[in-house]
Amino acid sequence: TTSKYEVKNKETVNSNTLVECTDKPKVEHFVKDAGIAKKCRPYQTVVMIRGTQKNVRGFLCQFPDGTWQAVDGRYRY
């Protein structure tokens, strides 16, 4: 939590408390911070590879042309 108090004449006249969930941090990627992509998110899907179902996980970013492209998930934070 983050608390902010406004005090005038030794009295609290305004206070705000911000509660943030820290077990699911905001997902970002360096291409988003650099202004190259608009949004980034993890994804999971099932694909067939040589007749066998495989669970695939990755990381996607949406680029200015509207397309979503896989990016290297090691650079997310």
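For the single chain, residues carry numbers from 1 onward in sequence order.
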message: Could you check whether any side-chain heavy atom of F59 comes within less than 4.5 Å of a side-chain heavy atom of D72, counting everything from C-beta outward?
response: no
- prompt: For N9, does the CG atom have more than 12 heavy-atom neighbours from other residues, nucleotides or ligands under 6.0 Å away?
  reply: no
message: Looking at every non-hydrogen atom in both residues, tell me the closest pair between C61 and V71 and how far apart they are.
response: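 Looking at all heavy atoms of both residues, the closest pair is SG-CG2, 3.7 Å.
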Listing, residues 43-58 side-chain donor-acceptor contacts under 3.5 Å, not counting sequence neighbours, or none:
none

query: Taking only residues two or more places apart in sequence or in another chain, which ones pass side-chain hydrogen bond (donor to acceptor under 3.5 Å, both in side chains) with Q62?
result: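 Expected list: none.
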task: Any chance you could measure W68, atom CH2, to K38, atom NZ, to the nearest 0.5 Å?
output: 10.0 Å
